[in-house]
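In what follows, a single structure is set out as structure tokens and then discussed.
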Protein chains: 2
Amino acid sequence: MLDDIDRKLLGILSANARISLKELAAEAGLSSPSTAERLRKLDERGVITGYTVDVDPRMLGYTLQAIVRVRPLPGQLHIIERMIQEMPHCVECDKVTGDDCFVARILVRNMEELDGLLDGIAERAQTSTSLVKSTSVKRRLPALLP
Amino acid sequence: MLDDIDRKLLGILSANARISLKELAAEAGLSSPSTAERLRKLDERGVITGYTVDVDPRMLGYTLQAIVRVRPLPGQLHIIERMIQEMPHCVECDKVTGDDCFVARILVRNMEELDGLLDGIAERAQTSTSLVKSTSVKRRLPALLP
DNA sequence: CTCTTTGCTGGATGATATCGACCGGAAACT
DNA sequence: AGTTTCCGGTCGATATCATCCAGCAAAGAG
């Protein structure tokens, strides 16, 4: 599916997506046009789904990060899902197997704000909250298999 | 801290970090040089920590995604943390409060692979695994406060 | 063996980033 | 108030980069 050069391109881009095409090509040992063509195809095939910026939440005033497991009460699942989606503090949420239906990552400025958010859904769901103390593994690509 | 234009720049970049400076400037209603200068400062201040590529794990052969809570046995915390960090399947891991010390996001090709990974740490930690069925909220920026 | 397809390169051209000079407004001194 | 300084901005020239095109080589199909 992916060859060595594709993997190399993804690796380089994951470290710096705003690198110039020329540099990217040089690091991958390719010419600019073929590099551009490979990127286009990776995009087209859906391997690359986008390019984004990483921002330090603390620099935005979000000093607290929590991982919240949400177990909606019977009949409340869809409402809860929509509430989570519309909550701007939620920066990531997955629907998972098991008793906890959702696992969400929440950013807040302080405890009061977190408390307020959880209160807002308390009537429709049980929640288990873990505060993030530190990040052991910063988001990264998995091993790129052949 | 951040003004309206900074927020706009972050918003645009979070949607497409490889946009040209010129387009970025146009969308933000600014000239290219001042846009470049603002990016430089956002970088310098640590607001922007990097630019990355988003990749579809399924396109890399990772058909299964799991969120694993890890509770190391007494005395095993550091070893477990290192083992997680060195596990290429782990694409994200936070150290959290509560009984579960770590919450990790794991990518695997199939159940056997997941089983193998969990077996690998079973002697040193208890784990609770939730398989990701779907993504309710794709990773995004939180509300950008003034 | 030839034809076709695919993926690459190099060079020309058009687009973009960057640099320097300059400008105006706000805050800080005198 | 007047002056100075600083900050953030624009504009235009130049250097750098992305893209287009023609041509080539290797691999697979007929």
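The sequence lines fix the lettering, A, B, ..., with proteins before strands; numbering per chain opens at 1. Values in this document were obtained by computation on a predicted structure and should not be read as measured data.
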Check your understanding: Between C:dG7 atom P and A:Asp4 atom CG, what is the distance in whole Å?
Key -> 15 Å

Practice item. Test A:Glu81 against B:Ser136 for side chain to side chain donor-acceptor pair (under 3.5 Å), laying out the working first. Key: CA-CA 7 Å; A:Glu81 182 164 23; B:Ser136 300; 2.7 Å; yes

Check your understanding: Do A:Thr49 and B:Asp54 have side-chain N/O donor and acceptor atoms under 3.5 Å apart?
Key -> no

Exercise for review: Give me the residues of residues 35-56 of chain A where at least one heavy atom lies under 4.0 Å from an atom of DNA chain D, by number, or none.
Suggested key: none

Exercise for review: Taking B:Ser134 for its side chain and A:Lys95 for its backbone only, find out whether a donor-acceptor pair lies under 3.5 Å.
Suggested key: no

Check your understanding: Between A:Ser32 and D:dT19, is there a side-chain N or O to OP1/OP2 distance below 4.0 Å?
Key -> no

Revision key, fill the gap. Out of C:dA17, D:dC17, D:dT10, minimum distance to the side chain of B:Leu30 belongs to D:dT10

Practice item. Check whether more than 12 heavy atoms from other residues, nucleotides or ligands sit under 6.0 Å from atom NZ of A:Lys22, and answer yes or no. Key: no

**Study point:** N/O donor-acceptor pair under 3.5 Å between B:Asp3 side chain and B:Ile5 backbone
**Key:** yes

Practice item. Respond yes when some side-chain nitrogen or oxygen of B:Ser34 is under 4.0 Å from OP1 or OP2 of D:dT10, and no when none is. Key: yes

Review point. Which one, C:dT16, C:dT18, D:dA18, comes nearest to the side chain of A:Leu21?
Key: D:dA18

Practice item. Check whether any side-chain N or O of A:Arg45 sits under 3.5 Å from a backbone N or O of A:Met1 as a donor-acceptor pair, and report yes or no. Key: yes

Practice item. Check every atom of C:dA17, D:dC17, D:dC20 against the side chain of B:Lys22 and return the nucleotide holding the closest atom. Key: C:dA17

Please report, to 0.1 Å, the donor-acceptor pairs under 3.5 Å made by any side chain of residues 55-62 of chain A, with sequence neighbours excluded.
unit_1	atom_1	unit_2	atom_2	d
A:Asp56	OD1	A:Arg58	N	2.9
A:Asp56	OD1	A:Arg58	NE	3.3
A:Asp56	OD2	A:Arg58	NH2	3.2
A:Tyr62	OH	B:Ala143	O	2.6

Exercise for review: Report which part of the nucleic acid A:Ser31 touches: base, sugar-phosphate, or nothing (heavy-atom distance under 4.0 Å, all strands).
Suggested key: base

Review point. Side chains of B:Thr52 and A:Leu141: does their closest heavy-atom pair fall under 4.5 Å?
Key: no

Check your understanding: Should the pair A:Glu92-A:Arg139 be classified as a salt bridge under the 4.0 Å nitrogen-to-oxygen rule?
Key -> no

Review point. If you pin A:Gly29 and A:Arg18 to their nearest nucleotides in DNA chain C, which one's is more 5'?
Key: A:Gly29

Point to revise | Angle of first-five versus last-five pair axes in the helix from C:dC1-D:dG30 to C:dT30-D:dA1, to 10 degrees | key: 30°

